[in-house]
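Sequence lines set the chain letters: A, B, ... in the order given, protein chains first and strands last, and positions in each chain run from 1.
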Amino acid sequence: MNRPKPAAPLLTLLPAMALVPVLIVTWTGLHGGGLSIWQQFLSGALHPSLDPDVLHAVWHGLGVTMATALLSWSLSLLFGVLLGSVCADVVWRSWSLPIWPATGLRRGLAIPRAVHELVWGLLLLQVFGLHPYVAVAAIAIPYSALVARIWRDHLDSADHRPLEALISAGVHPLSALMTALNPGMGAVLMSYGGYRLECALRSATLLGVFGLGGLGTELQLTLQSLQFRELWTGLWVLAAVMLLLEQLLRLWRKRSGVGVHGQRRMLLFGTLAIVLGVIGTFWLRLIVPDQFSGLSWIGLEVPSWTQLNLAATELPWYPMILETLGLTVLAAGIAIGLPPVALLLWPSPRWHQCCSIFWACMRWIPPPLMVLLLLLSNRPSLAIGALAIGLHNSGVMGRLLLEGLQQQSGQRQDALRAIGSSERISWLYGLLSPQSPSYLAYGAYRSDVILRETVVVGVIGGSGLGWQLLESLSSFHWAAVVLVLCCYCALTISGEALSDRCRSLWLQS
Amino acid sequence: MFEGERIALLGRSGAGKSTLLAIANGSLRSEQGEVRWCGASIRSMPRRKRREIGMLWQDLLLVEELSVGQNVNSGALGRHNLIWGLANLLFNVDQSACKHCLQRAGLDADLIERGLIDAPIRQLSGGQRQRVALARLLRQQPQLILADEPIANLDPAIASDLLDHLLNRSPEGQLNCGAKAIVISLHQPELVHRFDRVIGLQEGELVMDQPADQLTPADLSRLYEAG
Amino acid sequence: MTNPLTRVRKKGAVVLLALLCSQGATVLPANAQATLRIGAIPDQNPERLNRRYGQLASELSDSLKVPVRYVPVSNYPAAVSAFRTGSLDLVWFGGLTGIQARLQTPGAQVLAQRAIDAKFNSVFIANTSAGLQPIRSIDGLKSLKGKRFTFGSESSTSGRLMPQHFLAQAGVTPKQFAGGQAGFSGSHDATIALVQSGSYQAGAVSEPVWNVAVKNGKVDPSKVKVIWKTPPFGNYHWVVRPNLDQRFGKGFTTKLQKAILGLTPANERQKTILELFAAKRFISAQDSQYQPIEEVGRQLGKIR
């Protein structure tokens, strides 16, 4: 008897199992004590503050946030594509070189990726001071590494035979790469790159730490002081910008081109990305002129070996790592499993539209706000944190899934329906099934992000890595910061190795 | 292998025809022995020499996202520099050469004039794709053509037409396609009369190598039945 | 080639340009003169912070004849680091963050404090359903064992450091709370809201914030009440960087101190500023007043 081997579409549904324990815990902890504050929160939505001071602050904050997002997005695409190409095996093989430098670089890139942009921001702040570029670099560094990973994975999993054919016909490797792989990568760049802009906007919003007075600062401070009407002013503005961005990107994606047109569009996209980056730079200079007083390095004492040893004995390693892993697994399960399950429940266009709106809301609400809202009507527990991060990220995954499904022809689903399968089965086999491998791949990347995001809900309290990191940072206990960051890196690298292994085990052949 | 020679490579599926061609082309490394072209080993040959060997792959290996014209031009990438390669992605370079090659590959002149060059590859039928791949090969202007089952999926009329383009000789004895020699692997033993020499493979072993006109039906049936 | 997309793109470019211009217009032109940058730990709502420090910046700018700018920072350690790296010159710190900042920036001085900062209090609040009785002596804090308890922000003196210190004196460690840990709500207001909702059964907040919340009717007395008021400790103070005399001319630090101490309710704008700070006057402060907090910070590992 052969061992049961889950098929790809089942693998996309299975993670939703994480919802079961989370919902049970949440259900038992539910109480109505926070209803009055919920009510205030919701009524704030209808009556956002229109005070000129607030509007001015939000408008200024929006400018800073947009400029930061544009510049960091542009930089992360540029460096991401370059780094991703350098660490792709196929590129080294094209020049008939050994591939170990690519492998080494790839492992190395896990380090910038493992650290949340908030933490990058605080670390860079230590050595450069408050500077607009610190915020930009804080987003650009982890994002470049993330784009590099996606780019590399797509490059290495593309069909290489046309490339080999060209190389064996005596074509220069660079020319061959540009001709054989570049056109296919164009689609990846345009859909994924556009999506990164939205992510960069979200991150720039989350990063209010830099004394730039960005939208994030407004949101965070109004949230901390529970000024819901002022909070909603910022939230509505953020919603408008996100919606606008999404519509623009949709318009862009709708018209795909092939051949010369496709290539020109891709070039245009690249140019646009760079131009927007330049615009972002000037914009920042315009808004915060007196903060561009030269970037200088301010040294920081590096913790000594004995300090590290001491810190290592102080840190509660087991509960810390276990809690973080638990949080990550549960949140990733919700984020990956919820979208396909929700769509499967009722595969009709109208319902899918509802889902899409729901997910847009999930992406829109910043995780700290989601945590506070959930916490107001529930007892504090790990499940709350998992639910908050999971729901937020399910918004992202849901969007990716729907987008992928919309790009399919639907012939398979029709064929299955024609032989009398039920609506759900034909959706599952006809649409979800071919989409599953790439969805799961994105799910793996998302788990990376979720691991980093555990920093954001560290405030729920506890002993997780995220909380420990914030606590060590606020105590300026650098030895502990170094150790916790190392732990994050180790988790990211092993998580990546695990997901690679799983993918090659389940999804190929 | 001699100048002007046309060789047919025969054998059952899995006998090693594709492997042999890939080794001859240099994209696979052989465990023993060495492939030489004009006296130089194929593995250490500079790019300048490699572009003299053209290959018509079994699955064509066209770039799906590019247009017909760009794919045909990619045959000439070996002769041009990087700038030309990039220009090919953004503009319709050397249109006339492209059209000429498409015509020589037997595509309908009418169709070519009606903007076939800008059509994406995935809109084409199987036969048309095969011809675009052939046009790409012609655009490369190779000295040696290796073709891996170029007619396996084609209807007989198109197949014979395609072979005409590859195998016909001018009255002076030059191959029409411009190459000095040609090796084609086949599944149709009835077509061997169009070749000069036949090589038979069986489970990776060379079992037959004789002029095409000396071939007997018994030889062929032995090749396809034994083992 | 004028397909609809290019048209949209052109429109987009125009919109973007218009946006940029309007953004630029909201900002004063850059000034070549050295700017005094003031900051604060984010312990209020942003509107109040902006008004408080915006007004103060214009006041100081007028009295000192140098450009002064308020730079908002949205978390406590970032304010400390910004001060250390010289991105902020004058900061309104809390007790703990002020000590962290001064320890990391040799030569930094305490300029002033408010009268209430010399004798600051925190209150422990509890949800009425938790069954907690008002506490008479510090030992009574033992009744919090096994309850769901939350602090405010990690670096807050009144919302975390001193409450944790008093708990420790009573022999209660965060491990003894329900769930084996205390929560960190992030701010005093959030602590009040979370305790009132019942998600946490008890919490510690700064007394002035609690009083303001009660005054504004944000507290439902039937759901949440004070169970203990801590002994007094030193808190907020102005800290200034050591190099201001070099940058702005000899005696600038003294002039700055005089300007802050000289704020009086007699002047209309100065009155508003003092009201926004909830103070009658600023008074001078000594480093030694914060010695006890430094010791507590070291005990609890918040100062290394």
Is the CD atom of Glu205(B) crowded by more than 12 outside heavy atoms at less than 6.0 Å?
no

What is the distance from atom CZ of Arg51(B) to atom NE2 of His172(A), rounded to the nearest 0.5 Å?
13.0 Å

Can you find a heavy atom in the side chain of Ser168(A) that is under 4.5 Å from one in the side chain of Arg50(B)?
yes

Region of Leu166(A) that comes under 4.5 Å of a non-hydrogen atom in chain B
side chain

Region of Asp59(B) in contact with chain A, defined by heavy-atom distances below 4.5 Å:
side chain

Top of Val68(B), Leu60(B), Asn81(B), Leu90(B) for chain A proximity - count of heavy-atom pairs under 4.5 angstrom
Leu90(B)

Nearest atoms (heavy-atom pairs only) where Val171(A) meets Ser74(B)
CG2-O, 4.5 Å

Euclidean distance, Met178(A) CE relative to Leu82(B) CG, rounded to 0.5 Å
7.5 Å

A quick test of your reading: do over 12 heavy atoms of other residues, nucleotides or ligands sit less than 6.0 Å from NE2 of His352(A)?
yes

Once you round to the nearest 0.5 Å, how far does CD of Glu164(A) lie from CE of Met55(B)?
11.5 Å

Hey, what do you get for OG1 (Thr179(A)) to CG (Asn88(B)), rounding to the nearest 0.5 Å?
6.0 Å

Take a 6.0 Å sphere around CD of Gln247(A) and say whether it holds more than 12 heavy atoms from other residues, nucleotides or ligands.
yes

Is the closest side-chain heavy-atom distance between Gln70(B) and Gln263(A) below 4.5 Å?
yes

Can you establish whether the number of heavy atoms outside Tyr195(A) located under 6.0 Å from its atom OH is more than 12?
yes

Step through the shown structure and confirm whether more than 12 heavy atoms of other residues, nucleotides or ligands are within 6.0 Å of CZ on Arg104(B).
yes

Here the gap from Asn182(A) atom CG to Leu86(B) atom CG, rounded to the nearest 0.5 Å, amounts to 8.5 Å

Between chain B and each of Ala169(A), Gly186(A), Ser96(A), count heavy-atom pairs under 4.5 Å; write down the option with the most.
Ala169(A)

Nearest heavy-atom neighbours spanning Ala165(A) and Leu61(B):
CB-CD1, 3.8 Å

Looking at chain A, which one of Gly75(B), Gly78(B), Gly85(B) has the largest number of heavy-atom pairs inside 4.5 Å, strictly under?
Gly78(B)

Side chain, backbone, both or neither: which part of Ile167(A) has an atom under 4.5 Å from a heavy atom of chain B?
backbone

Under 4.5 Å from any heavy atom of chain A, what part of Leu62(B) do you find: side chain, backbone, both or neither?
backbone

Counting neighbours of CZ on Phe269(A) that are heavy atoms of other residues, nucleotides or ligands and sit closer than 6.0 Å, is the number greater than 12?
yes

